[in-house]
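Here the structure comes first, spelled out in structure tokens, and everything after it is commentary.
Residue numbers start from 1 in every chain, and the chains themselves are labelled A, B, ... in the order their sequence lines are given, proteins ahead of strands. Both backbone and side-chain heavy atoms feed into the values below; hydrogens, waters and symmetry mates do not.
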Amino acid sequence: MMAHHAFNAREDVEGEYAYEGEVYWKDKTVEYCDTLLEELGADIEEVTYIEDPWVGGGNAGPAIEVIYKGLELATLVFMSMEQDEDGEYLLKDGNRYSKMDTYVVDTGYGLERWTWMSQGTATVYEAIYPEMIEFLRENAGIDYTEDEEKLVHAAARLSGNLDIDDVDDVEDARGDIADELGVDVDQLRTLVEPLEQIYAIADHCRTLAYMLGDGIVPSNVGTGYLVRMVLRRTKRLVDTVGVDAPLDELVDMQADRLGYQNRDTIRDVVRTEVEKYRETLERGTRRVEQLAEEYAREGEPIPTEELVELYDSHGIQPDTVEEIAEEYEAGVDVPDDFYAVVARRHGQESDDEDDAEDLAPDDFADLPGTDRLYYEDQNRMEFEAVVLDVSERDDGYDVVLDQTMFYPEGGGQPADHGTLSTDDVTADVTDVQQVGDVIVHHADEDPGKGEFVRGQVDSRRRRQHMRHHTATHLVSHAARQILGDHIRQAGAQKSTDSARIDLKHYESVSREQVEEIERLANEYVMQNVPVEQEWVDRNEAEAEYGFDIYQGGVPEGTQIRLIHAEEDTQACGGTHVSRTGDIGSIKILGTERVQDGVIRFTYAAGDAAVEATQRTENALLEAAEILDVTPQDVPETAKRFFDEWKERGKRVDELKEELAAARAGGSGDGEEVEIDSTTAVIQRLDADMDELRATANALVEDGKIAVVGSGAEGAQFVVAVPDGVAVDAGDVVGELASRVGGGGGGPPDFAQGGGPDSEALEAALEAAPDILKQVRNA
RNA sequence: GGGCUCGUAGAUCAGUGGUAGAUCAUCCCCCUGGCACGGGGAAGGCCUCGGGUUCAAAUCCCGACGAGUCCA
């Protein structure tokens with residue numbers, strides 16, 4: 001698509017906008033359009049301009065459609081109104097609009113449509129990527145007779161003329177076209193539909209090639225989510241139309257055509273995503289099958305509620321559900337406004353923002369910009385300066401100097417700490433912020449306006465920040481070498497003890513890859529290459545290194561600061577060590593997947609790396625000491641101990657059961673009473689719940705009613721009743737438990753309960769025969 | 001950024017507070033000349049982790065970790 005724009009402002013609002021006056025408006029725009037079409041070789045007599053008001057995205061205005069030989073080639077939009085409840089104009093979308101202070105020309109010329117027009121192919125798709133269309137048609141086995149080909153050609157041309165705004169129903173439009181061509185609508189559909197799907201595949205593949213080629217990583221959030229949706233839709237189309245080629249191959253055809261260099265990565269991403277989709281579908285299918293079976297059994301249709309759940313939480317489209325449900329002869333209840341129902345489920349979003357600005361820029365507006373000494377010599381930690389201004393705050397003082405060595409918080413690097421001293425006072429600096437060009441030091445004492453101060457930066461803290469900052473560049477660079485060129489930074493944070501960087505990647509990172517990255521990053525450290533900074537014109541920097549230098553965000557200003565470390569170049573305002581060797585070493589502490597498609601690496605550099613390694617080592621040594629083996633033997637020994645522990649657990653269970661059987665058989669210490677013709681055994685064991693249950697089970701095996709109690713942990717009971725005996729175990733336990741201050745219950749043949757009052761256990765058990773009789777009578 | 005769902009045997013999943021289950025896979029036995037199938041049996045569980053509620057938690061509540069999904 002091609003376009004030109006003009007930003008106009010009304011004369012009475014001069015000075016309020018970045019632009020003023022009128023550049024050009026409707027007449028001139030149409031004139032330009034005429035000229036362009038003529039230049040392209042169009043017969044100007046065949047051009048028709050149709051005015052049609054435009055509304056969209058809260059703005060509106062007149063618009064002109066440019067039709068050439070019946071085909072819409074361009075739209076010229078004149079945006080001049082904005083949505084306004086009290087506006088004087090009521091437009092076609094039912095909203096009210098009022099005039100804006102500015103008015104903007106927004107044009108769109110369909111370059112590809114022009115190509116189509118000039119080539120005379122059936123559709124625009126054959127005009128712009130004929131090889132791909134041919135490949136897909138052949139692969140899917142779509143073959144037409146000469147007459148059919150003519151029909152399709154004619155239908156395509158008619159479709160091209162449809163005013164998309166006015167087409168509410170594609171089926172109606174198809175009917176109109178069929179009428180016009182004098183054919184049956186069903187015949188037209190079977191003829192055209194597969195072809196339409198092929199066009200969609202080719203076009204989606206191009207979209208995917210663009211998105212993936214430009215380094216977007218599929219994800220469940222943001223732009224990455226869009227890629228995923230397009231990819232899945234394309235995969236569905238490929239399967240529907242019966243194209244027998246892997247999707248990564250199709251996308252690659254477009255990536256190749258568009259001249260992307262990272263084609264291997266693109267294919268890899270597509271393959272990974274297709275596999276993920278396949279798994280999702282499989283999971284979904286199993287789920288739907290279960291539901292379908294369930295509802296089919298009850299003779300009810302699958303309710304909308306379930307469909308929403310399937311779609312929203314599991315990503316299964318209603319039509320997929322219908323397909324599967326059909327096999328189970330289950331009905332499906334899909335409402336027409338299905339997606340509206342889903343939307344309603346999400347409800348209203350609350351957008352309360354609380355970006356409280358601690359420092360008001362106005363406070364320091366009159367002060368000159370602070371000279372930033374930390375860029376001149378990043379290794380110096382001492383300096384002298386004059387106090388230009390001091391403002392008292394609730395919790396201290398904001399001090400502004402003429403120059404400073406203190407680095408203000410920014411670019412993911414925390415502020416420096418340190419002191420500012422005069423002959424009389426020493427103020428601790430606990431925070432440093434940049435406000436406009438002024439650097440503000442937050443201190444606990446007032447050094448005095450106009451005083452001469454000596455500044456001392458906490459050098460251990462700062463050096464750790466420098467190490468971590470340079471390490472961040474190296475880790476990011478190393479990750480790029482190991483994982484691929486698509487690796488982009490999604491955020492970073494440095495501190496004294498560790499640093500982290502979020503990288504976009506399409507699959508989880510293996511332990512081996514982490515080790516590789518760590519090894520490579522440390523190799524850069526050991527090479528001890530200089531880390532250089534330079535201030536350059538941003539346009540020159542972009543021209544030479546591309547937009548990839550903005551990994552950490554896009555800085556302001558025409559001059560930007562570049563940091564070169566190894567082969568890595570980034571725009572960066574942070575402080576860095578002067579040689580990579582100064583980092584000491586880099587230890588990657590761990591990775592986590594912070595969201596789909598974003599991996600967080602946490603690592604430590606310098607002292608912190610040593611400390612982190614020592615911490616892990618200490619944990620290992622401690623474990624080794626407990627097990628009384630060497631650290632190397634810890635995994636094996638732990639495994640053996642774990643296995644043994646499981647083995648013993650099983651043995652204990654077996655013994656408990658044997659013990660229970662023995663107790664039940666001997667029944668020496670249990671009291672026996674006859675309830676009707678059944679023997680009830682009342683026994684106190686003082687054992688855990690497992691043993692009580694086992695004993696009760698063993699007694700029931702012998703055809704006896706079991707009432708066992710324990711005072712081991714509070715008071716606990718298990719009551720079990722053999723089949724065919726008219727005693728409800730739940731009632732018995734309920735009565736027993738209430739006497740020890742608790743509760744209980746369970747099925748009629750096996751109940752458990754207890755309470756905190758173990759003192760009352762004995763009395764409760766003594767009352768058990770009476771309770772049993774009472775319950776039987778009830 | 002927000003919402004929702006899930007985490008139980010090697011795999012797929014049941015289990016809505018009261019004795020942890022099914023199917024497949026594994027191993028053993030039977031059936032057969034052999035194989036497929038079939039029949040019988042066994043083994044296999046820190047119910048993701050940490051708190052809380054309860055006489056009692058796989059189950060309810062909170063948090064962490066992991067997986068999935070929808071929306072902006």
Roughly how many Å apart are [M] and [N], using the [atom1] atom of each and rounding to a whole number?
N: B:G2; M: B:G50; atom1: P; result: 27 Å
N: B:G15; M: B:A9; atom1: P; result: 15 Å
N: B:C62; M: B:A67; atom1: P; result: 22 Å
N: B:C60; M: B:A22; atom1: C1'; result: 26 Å
N: B:C28; M: B:A14; atom1: C1'; result: 28 Å
N: B:G10; M: B:C70; atom1: P; result: 30 Å
N: B:C61; M: B:C6; atom1: P; result: 11 Å
N: B:G1; M: B:U54; atom1: P; result: 37 Å

Would the distance check show the side chain of [X] and the main-chain N or O of [Y] forming a donor-acceptor pair, the cut-off being under 3.5 Å?
X: A:Asp333; Y: A:Pro303; answer: no
X: A:Ser476; Y: A:Thr472; answer: no
X: A:Asp702; Y: A:Lys704; answer: no

Could you let me know what [N] is paired to, Watson-Crick or G-U wobble, both distances under 3.5 Å, or none if it's on its own?
N: B:A36; result: none
N: B:A14; result: none
N: B:C65; result: B:G7
N: B:G1; result: B:C71
N: B:C47; result: none
N: B:A42; result: B:U26
N: B:U53; result: none

Measure across [X] and [Y] and return the closest heavy-atom pair with its distance rounded to 0.1 Å.
X: A:Ile771; Y: A:Ala764; value: CD1-O, 4.5 Å
X: A:Ala696; Y: A:Val708; value: CB-CG2, 4.3 Å
X: A:Gln716; Y: A:Leu692; value: O-CD1, 3.9 Å
X: A:Gly213; Y: A:Ile266; value: CA-CD1, 3.6 Å
X: A:Ile302; Y: A:Ala325; value: CD1-CB, 4.2 Å
X: A:Ala729; Y: A:Val721; value: CB-CG2, 3.9 Å

For the residue pair A:Tyr550 and A:Phe547, does the interplanar ring angle fall in the parallel (under 30°), tilted (30 to 60°) or perpendicular (over 60°) class?
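Rings of A:Tyr550 and A:Phe547: tilted, 30 to 60°.
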
Classify the side chain of A:Asn220 versus the base of B:U69 as yes if they form a donor-acceptor pair under 3.5 Å and no if they do not.
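Side chain to base: pair present.
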
Compute the centroid of each ring, for A:Tyr328 and then for A:Tyr295, and state whether the two points are separated by less than 6.0 Å.
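For A:Tyr328 and A:Tyr295, the ring centres are not under 6.0 Å apart.
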
Applying a 4.0 Å non-hydrogen cut-off, can you work out what [X] is touching in the nucleic acid: base, sugar-phosphate, or nothing?
X: A:Arg739; value: nothing
X: A:Val221; value: base
X: A:Glu309; value: sugar-phosphate

4.5 Å side-chain heavy-atom contact, A:Ile487 and A:His505:
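Touching, per the 4.5 Å side-chain cut-off.
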
Listed in order of residue number, which residues of [range] have a non-hydrogen atom at under 4.0 Å from RNA chain B?
range: residues 327-336 of chain A; answer: none
range: residues 641-657 of chain A; answer: A:Phe642, A:Trp645, A:Lys646, A:Lys650
range: residues 615-626 of chain A; answer: none

Hey, is [atom1] on [X] packed in by over 12 heavy atoms from elsewhere, all under 6.0 Å?
X: A:Glu658; atom1: CD; result: yes
X: A:Glu759; atom1: CD; result: no
X: A:Glu329; atom1: CD; result: no

Base versus backbone protein contacts along nucleotides 9-24 of chain B [heavy-atom cut-off under 4.0 Å; B, S, -]:
---SSS---BBS----

Would you say A:Ser313 places a side-chain N or O within less than 4.0 Å of OP1 or OP2 belonging to B:G68?
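For B:G68, neither OP1 nor OP2 has a side-chain N or O of A:Ser313 closer than 4.0 Å.
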
Separation of atom [atom1] in [X] from atom [atom2] in [N], rounded to whole Å:
X: A:Ile316; N: B:C70; atom1: CD1; atom2: P; answer: 10 Å
X: A:Leu307; N: B:C70; atom1: CG; atom2: P; answer: 15 Å
X: A:Leu310; N: B:U69; atom1: CG; atom2: C1'; answer: 11 Å
X: A:Asp312; N: B:C4; atom1: CG; atom2: P; answer: 10 Å
X: A:Glu273; N: B:U69; atom1: CD; atom2: P; answer: 8 Å
X: A:Glu305; N: B:C4; atom1: CD; atom2: C1'; answer: 13 Å
X: A:Gln716; N: B:C55; atom1: CD; atom2: P; answer: 11 Å
X: A:Tyr225; N: B:G1; atom1: OH; atom2: P; answer: 17 Å

Out of A:Val725, A:Thr679, A:Val673, which residue meets the side chain to side chain contact (heavy atoms under 4.5 Å, CB included) rule with A:Ile705?
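The side chain to side chain contact (heavy atoms under 4.5 Å, CB included) with A:Ile705 is passed solely by A:Val725 among A:Val725, A:Thr679, A:Val673.
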
Please tabulate, one pair per line, each protein N/O and nucleotide N/O from nucleotides 64-66 of chain B that are separated by under 3.5 Å, including the distance.
none

Earlier contact from the 5' end, RNA chain B, for A:Asp596 and A:Ala715:
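Its nearest nucleotide lies further toward 5', so the answer is A:Ala715.
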
How long is the span from the CZ atom in A:Arg271 to the CG atom in A:Leu247, to the nearest 0.5 Å?
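That separation rounds to 11.0 Å.
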
Salt bridge (Lys or Arg N to Asp or Glu O under 4.0 Å) involving A:Asp690 - partner list, sequence neighbours excluded:
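So A:Asp690 forms a salt bridge (Lys or Arg N to Asp or Glu O under 4.0 Å) with A:Lys656, A:Arg693.
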
Sidechain N-carboxylate O distance under 4.0 Å for A:Arg640, A:Asp633:
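A:Asp633 and A:Arg640: not salt-bridged.
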
